[in-house]
Amino acid sequence: MAYYICPNCKRRSVDLDGYEGFSTQAVQCRECGFGFLFELLEDYYPAPETGFVVCDKDRRVLAAGRGVFELTGYNTADLLGREVAEVLALSDASPIGVVQEWGVRKLGQDLAIKTRAGIEKLVTIDFFPAYDDDGGLLLALTPR
Ligand SMILES: [Zn+2]
């Protein structure tokens with residue numbers, strides 16, 4: 001069974017039998033029309049205020065979903081192509097290395113980021129590796 005989540009609106013979907021035709025190809029979100037879904041190994045329930053940031057294998061931001069602006073002060077356009085740990089001034093970027101090297105999730109990491117205004121904000125971040133061989137990752141940021 002495969003679980004998918006929309007990085008933008010956080011709609012979850014489950015591919016029970018392949019009926020929806022999920023594949024390695026990009027699949028649009030049926031809720032908001034966002035261009036691709038992120039595959040998760042296990043089901044995951046984000047908090048209402050959680051914001052998702054999707055990165056490529058070089059940790060550069062590919063997409064930022066709803067809620068990220070409220071958390072960080074950055075619009076998607078401000079984040080695209082930027083190294084995620086750098087642009088958010090992550091207090092500890094080592095979980096990213098673990099996720100990318102070992103392909104495991106690192107959930108519930110209590111970290112700090114800096115908003116666009118330079119204000120430190122305490123967040124809990126769940127890190128997920130991408131399973132589509134691109135080597136990317138997903139960050140789920142939740143204020144605490
Ligand atoms: Zn969506």
Side-chain angles (χ1 to χ4, degrees), residues 1-93 95-100 102-117 119 121-144:
M1 192 177 311
Y3 300 93
Y4 296 83
I5 199 153
C6 171
N8 186 45
C9 71
K10 298 182 286 183
R11 177 184 185 273
R12 298 161 46 258
S13 43
V14 180
D15 187 17
L16 289 169
D17 50 13
Y19 175 75
E20 298 206 47
F22 286 126
S23 69
T24 52
Q25 294 173 311
V27 179
Q28 264 199 351
C29 175
R30 289 193 295 174
E31 180 81 19
C32 71
F34 190 74
F36 66 92
L37 303 175
F38 193 91
E39 182 180 354
L40 302 171
L41 262 195
E42 295 162 64
D43 210 353
Y44 172 73
Y45 295 83
E49 66 272 32
T50 298
F52 286 145
V53 177
V54 184
C55 303
D56 66 14
K57 65 175 178 2
D58 298 319
R59 308 174 179 190
R60 294 185 191 283
V61 176
L62 292 172
R66 290 178 196 162
V68 171
F69 174 76
E70 288 79 357
L71 266 166
T72 68
Y74 290 104
N75 289 305
T76 301
D78 302 322
L79 296 171
L80 285 183
R82 304 280 302 274
E83 207 275 336
V84 66
E86 194 179 291
V87 68
L88 295 179
L90 273 191
S91 56
D92 180 9
I96 295 177
V98 174
V99 167
Q100 289 195 305
W102 300 101
V104 296
R105 315 194 294 180
K106 291 284 279 180
L107 303 185
Q109 306 293 304
D110 288 338
L111 301 171
I113 60 169
K114 274 209 181 85
T115 68
R116 187 177 196 177
I119 298 164
K121 208 171 218 179
L122 300 178
V123 292
T124 299
I125 306 182
D126 300 320
F127 297 87
F128 299 89
Y131 294 107
D132 57 5
D133 293 339
D134 287 349
L137 73 157
L138 174 82
L139 281 68
L141 294 88
T142 307
R144 64 183 162 98

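Whatever order the structure lists ligands and atoms in, that order sets their numbers, starting from 1.
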Measuring centre to centre across the rings, with the benzene-like ring taken for any Trp, is Phe52 within less than 6.0 Å of Phe38? no

Looking just at side-chain N and O atoms, do Tyr44 and Arg12 make a donor-acceptor pair shorter than 3.5 Å? no

In Å and rounded to the nearest 0.5 Å, what is the CG to CD distance from Leu139 to Gln109? 10.5 Å

Hey, could you give me the CZ/CD distance between Phe34 and Gln28, rounded to the nearest 0.5 Å? 10.0 Å

Counting only protein N, O or S atoms (no waters) closer than 2.8 Å to the Zn ion (ligand 1) gives 4

Rounding to 0.5 Å, atoms CD1 (Ile96) and CD1 (Ile125) come to a distance of 7.5 Å

Mark yes or no for whether Lys106, through its side chain, and Val98, through its backbone, hold a donor-acceptor pair below 3.5 Å. no

